Each structure stands twice: as C-alpha cells, then as structure tokens.
Amino acid sequence: MRAIRCHAYTGPNDLRLEEVRDPVPGPGQILIAVEACGLGFVDGLHVKGKYQVKIPLPFTPGSEAAGRVIALGEGAPADLMGKRVAGFVMGGGLAEKALMMANACAVVPDDFDPTAAAAALINYGTAIYGFEDCGALKAGETVLVLGASGGVGMAAIDVAHGMGATVIAAASSDDKRQAALTRGAHKAIDYTQDDWRKALTEALEGKGLDVVYDPVSGAWSEAAFRSLAPGGRHLVIGFASGEIAKLPLNLALLKRASLVGVDWGGHVRAHVNDGPRITRRLMELAAAGKIDPRADSVHTLAEAPEVIAAMLARKMIGKPVIKPQA
Ligand SMILES: NC(=O)c1ccc[n+]([C@@H]2O[C@H](COP(=O)([O-])OP(=O)(O)OC[C@H]3O[C@@H](n4cnc5c(N)ncnc54)[C@H](OP(=O)(O)O)[C@@H]3O)[C@@H](O)[C@H]2O)c1
C-alpha cells in the first residue's frame, strides 16, 4: 500500500510517499481502508519531533481517520467487518490502510460523509469535550475563540454556536476573519493589533466574556484571561504560536475565573470508552442540525507534506482532509 513516511524529525519537506507492507491487525485491532484522514497542527509537531509524545522513527503520520473495516484482529467484534468507522489511528492515517483499536472506534452511519467524520474526530471531539465537559458552556453565554480560522478554531465556532453561545472570533487576516464569520461566528476581531482588547470590549457590547477557547497561547492568553467576566473559564487548548503563556495566579483570584486544561487526546487515552461516546454525541448534534462538521479543503496523499508545511507556516484556513484512495 502507499503511505507517507517520516524518517527523521526534520519537518514536512522530508516526508516521502512510499510503498510499504499492509499492516496486520493484532489482538483487539481492526484494519480499515482509509477513506479520509484529518490533518492538524499536531501532525506538523509530530514530524518535527516537537510534540510532547515523540513517535518512534520511522512512522506514518496522521492520527484521525475514517474508513471501512476490511480485517479483524483476534477478539475484535465480528459485526464491525464492512462497517464504516472513525477513530484515532495507530501507526498513521496517511496511508491506504490503517490500524485502530476496535474498542476505541465509533461506527459512522453510512449517510455520514467519511470526509466530515475524519475532519471532525479530533477538533469537534475537543470542542464538545471542552465546552460541555470542561467549560460547562451554557446557552446565552459569550465565547472568544482565538486562532478562530484554524481547524480547531472553526470546530469551536460551530460547536459553541450550536450550543446557543454568542461567538467572537479572533484571527489575523481579513480572509481568516471572513472564514470564521461564514462558519457561524457573530463577530470577528483582528487580534494582531496592539489594541485588540479594545476591539474585544467593543464587540462584547457591554456583555461579559464567559469562556475563552485558546489553541494559540503566547501573549494573547493573558490578555484574553484579563477580559473574562467573574466566573469566566479560560480553556487551554494548544500553543500554535509556539510560545507557552505564563499567567499571574492573582488574576484568577481577582477575576474569580478558572484556567481549565483541555487535553482531548490525553482524556481519551485515560478513558478509552469516552472517545466513542463523544463521537456518538458529535453524530447526534450533527443529525439534529446543531453542528455542521466538514473539511475545509480536500487533498491527495501526495499533497499531504505541503499541507502540513502550510499549517506550520500559518497559511491554511480551516481543516484539511487527505483522501488516500484518490
Ligand atoms: N487540547 C487538545 O485536545 C487539542 C486537540 C487538537 C489540537 N490541539 C492544539 O490546538 C492548536 C491548534 O491546532 P489546529 O489544528 O487548529 O492548527 P491550525 O489549523 O494550524 O490553526 C492554528 C491557528 O493558530 C494561529 N496562529 C497564531 N500564531 C501562529 C503561529 N506562529 N503558527 C501557526 N499558527 C499560528 C493561526 O491563526 P491566525 O493566523 O489567525 O493567528 C492558525 O489558524 C495546536 O497547538 C494543536 O496541537 C489541541
């Protein structure tokens, strides 16, 4: 089968499209024919060896995929054979075939687009877990999404909007702010300006800021935390700026606000059954028309390295998905 291979932690330009042996499912595993694999900033970190967990070399990147089950390992439920599933991938989704743990995948209804399923798995999983389980977001509250036009940010806009919140999107260019507005943000601000907190205050129109969704960090984090209303929650999602913010803890006391870490991947590793639960919740919300998961761009396997490079260079808008069979 064809697969993208990473032989050194030197970044996306050194990734290679190669012929490799088909993986063989072990106990409890399933083999899928990958229909779609979502890409995120984290894949760039993996191929640079900069993520908190280093994948041993050589490896195939790509951590979230959807596809048909084509083989079962010992003990994997027989009724999964032929079903379309989505889940975290073991050993890489940027390939024509990939392994998953049978107990960690969710069955995707046949009428649910596999491209949307792969696009949604991590980012919508993070947003649903983040807003519902960690942030206790309520209808009528106001959310600020930093890095709003990225894959994580766009999913956050859609989920917060679907939960009845007012969403303010922060992004660096007109194109990115327009994409965030099109996705459902009520207002968009340019957070690259020195006085962006003034723009945020104006956008709030006298309302309090209840939740910050922060996949960017850096100098933006403290400024956003300072803008929270009493009882506010700042959800720490990621560090796309490359800088881990430090927060003076007196702010949490003075603001009566909370800093909440949201690690979807870590949560699912610790609570395996919760992955499929949130994926089912995602399907429910989509079926009810409350959210609209989708890929913002679709690419071939050979294009994957340049897509990862574009994400690292801050040039992508939204969520890219690779279709390995195309
Ligand atoms: N906690 C979790 O469970 C979880 C789950 C998934 C992802 N994440 C993390 O969330 C973060 C975002 O992931 P993503 O897939 O949404 O990435 P993405 O699509 O590349 O979006 C990241 C956004 O961050 C902004 N940004 C600011 N400074 C940047 C810089 N120096 N380089 C690149 N982007 C920069 C960009 O928007 P502007 O140009 O508008 O500033 C960009 O749109 C990553 O750190 C990822 O590891 C966490």
Side-chain angles (χ1 to χ4, degrees), residues 11-12 37-48 50-53 61-64 88 118-135 144-159 168-181 183 185 188-193 196 212-221 223-224 234-245 259-271 274-275 278 295-297 306-322:
C37 174
L39 283 182
F41 195 81
V42 67
D43 295 297
L45 298 178
H46 280 313
V47 301
K48 287 172 79 181
K50 292 267 168 72
Y51 192 63
Q52 55 250 41
V53 184
S63 1
E64 52 186 333
F88 289 98
L121 197 70
I122 289 184
N123 293 348
Y124 277 77
T126 305
I128 293 168
Y129 169 67
F131 286 130
E132 290 193 344
D133 297 19
C134 304
L144 169 67
V145 180
L146 302 179
S149 76
V152 163
M154 296 280 248
I157 291 172
D158 196 25
V159 171
I168 300 172
S172 65
S173 69
D174 281 340
D175 283 359
K176 289 183 171 189
R177 288 188 289 279
Q178 190 50 53
L181 289 168
R183 195 48 165 266
I189 58 172
D190 180 358
Y191 70 160
T192 61
Q193 300 300 313
W196 74 273
V212 174
Y213 197 84
D214 182 2
V216 182
S217 201
W220 288 296
S221 298
H234 185 123
L235 304 181
V236 181
I237 308 294
F239 312 95
S241 67
E243 200 189 316
I244 298 175
L259 189 68
V260 187
V262 178
D263 179 5
W264 169 231
H267 176 75
V268 171
R269 280 190 293 278
H271 307 276
D274 229 29
I278 297 267
D296 294 285
S297 59
E306 61 194 78
V307 173
I308 296 175
M311 297 191 95
L312 291 173
R314 207 174 171 175
K315 288 186 182 150
M316 286 301 289
I317 291 188
K319 177 75 175 175
V321 168
I322 303 297

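Residues take their numbers from the sequence shown, with the count starting at 1. One-based numbering, in listed order, for ligands and for the atoms of each. Since the structure is predicted, the reported quantities are computational estimates derived from the model, not experimental observations.
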Practice task
Check whether any N or O atom of Ile237, backbone or side chain, sits under 3.5 Å from an N or O atom of ligand 1, and answer yes or no.
Solution key: yes
Completion exercise
Nearest non-hydrogen protein atom to atom 11 (C) of ligand 1, with distance, is Pro215 O, 3.4 Å
Exercise for the section: Please report the closest heavy-atom contact between Ile157 and Ala169, naming both atoms and the distance. Expected result: CD1-CB, 4.3 Å
Exercise for the section: Let me know which of Asp133, Thr126, Asp214, Val236 forms a side chain to side chain contact (heavy atoms under 4.5 Å, CB included) with Val262. Expected result: Thr126
Handout entry: Residue, atom name and distance, where the atom is the protein heavy atom closest to atom 34 (N) of ligand 1
Key = Arg314 CG, 3.6 Å
Practice task
Run down the list Val152, Asp43, Asp296 and name the one with the heavy atom closest to atom 7 (C) of ligand 1.
Solution key: Val152
Exercise for the section: Heavy-atom contacts with Gly151 under 4.0 Å: which atoms of ligand 1 show up? List them by number with element. Expected result: 16 (O), 19 (O)
Exercise for the section: Kindly say whether Ile317 contributes a backbone atom to a donor-acceptor pair with the side chain of Ser149 at under 3.5 angstrom? Expected result: no
Handout entry: Donor-acceptor under 3.5 Å (Asn123 side chain, Gly151 main chain)
Key = yes
Fill in the blank from the handout: protein heavy-atom neighbour closest to atom 47 (O) of ligand 1 works out as Val42 CB, 4.1 Å
Practice task
Taking all non-hydrogen atoms of both residues into account, name the closest pair between Gly11 and Lys48 and its distance.
Solution key: CA-CG, 3.8 Å
Fill in the blank from the handout: Value for OG (Ser241) from CZ (Arg314), rounded to nearest 0.5 Å, stands at 8.5 Å
Practice task
Starting from atom 5 (C) of ligand 1, find the nearest protein heavy-atom neighbour and note its residue, name and distance.
Solution key: Thr126 OG1, 3.2 Å
Handout entry: Candidate pair Tyr124 and Asp158, rule side chain to side chain contact (heavy atoms under 4.5 Å, CB included), full reasoning
Key = CA-CA 9 Å; Tyr124 277 77; Asp158 196 25; 2.6 Å; yes
Handout entry: Atom indices of ligand 1, in the order listed, that fall short of 4.0 Å to a heavy atom of Ser172
Key = 38 (P), 39 (O), 40 (O), 41 (O)
Exercise for the section: Please answer whether the main-chain N or O of Gly40 pairs with a side-chain N or O of Asp43 as donor and acceptor at a distance below 3.5 Å. Expected result: yes
Completion exercise
Nearest non-hydrogen protein atom to atom 25 (C) of ligand 1, with distance, is Tyr191 OH, 3.8 Å
Handout entry: Nearest non-hydrogen protein atom, atom 21 (O) of ligand 1
Key = Gly150 CA, 3.3 Å
Fill in the blank from the handout: Output for pair (Ile278 CD1, Trp264 CH2), nearest 0.5 Å, gives 4.5 Å
Exercise for the section: Output yes when the distance from some N or O of ligand 1 to some N or O of Trp220 is under 3.5 Å, and no in every other case. Expected result: no
Completion exercise
Ranked by distance from atom 46 (C) of ligand 1, the top protein heavy atom is Phe41 CB, 4.3 Å
Exercise for the section: Using distance alone, decide if ligand 1 has a nitrogen or oxygen within less than 3.5 Å of any nitrogen or oxygen in Ser173. Expected result: no
Practice task
Could you list which atoms of ligand 1 come closer than 4.0 Å to a heavy atom of Lys176?
Solution key: 37 (O), 38 (P), 39 (O), 40 (O)
Exercise for the section: Provide, to 0.1 Å, the distance between atom 29 (C) of ligand 1 and the closest protein heavy atom, together with that atom's residue and name. Expected result: Ala240 O, 3.4 Å
Problem - Close N or O approach (Gly153, ligand 1; < 3.5 Å) - result: no
Exercise for the section: Would you please test Leu144 and Trp220 for side chain to side chain contact (heavy atoms under 4.5 Å, CB included) and show each step? Expected result: CA-CA 11 Å; Leu144 169 67; Trp220 288 296; over 6 Å; no
Exercise for the section: Please lay out, stage by stage, how Arg177 and Asp174 fare under the test side chain to side chain contact (heavy atoms under 4.5 Å, CB included). Expected result: CA-CA 5 Å; Arg177 288 188 289 279; Asp174 281 340; 2.7 Å; yes
Handout entry: Atom indices of ligand 1, in the order listed, that fall short of 4.0 Å to a heavy atom of Val216
Key = 24 (O), 27 (C)
Problem - ligand 1 contact on Phe239 by region, counting heavy-atom pairs under 4.0 Å - result: backbone
Practice task
Go through ligand 1 atom by atom and flag the ones less than 4.0 Å from a non-hydrogen atom of Gly40.
Solution key: 15 (O)
Practice task
Look at the side chain of Lys319 and the backbone N and O of Leu39, then say whether any donor-acceptor pair between them is shorter than 3.5 Å.
Solution key: yes
Problem - Val262 neighbourhood, listing ligand 1 atoms whose heavy-atom distance to it stays under 4.0 Å - result: 1 (N), 2 (C), 3 (O)
Practice task
Examine distances only and state if a side-chain atom of Ser217 and a backbone atom of Ala245 form a donor-acceptor pair shorter than 3.5 Å.
Solution key: yes
Completion exercise
Within the 4.0 Å heavy-atom cut-off, what Ile122 brings close to ligand 1 is side chain
Practice task
Take Tyr191 and Val216 through the test side chain to side chain contact (heavy atoms under 4.5 Å, CB included) and record every step on the way to the result.
Solution key: CA-CA 11 Å; Tyr191 70 160; Val216 182; 3.8 Å; yes
Fill in the blank from the handout: ligand 1 atoms nearer than 4.0 angstrom to some heavy atom of Ala171 are 40 (O)
Problem - Atoms of ligand 1, numbered as shown, that sit under 4.0 Å from any heavy atom of Trp264 - result: 2 (C), 3 (O)
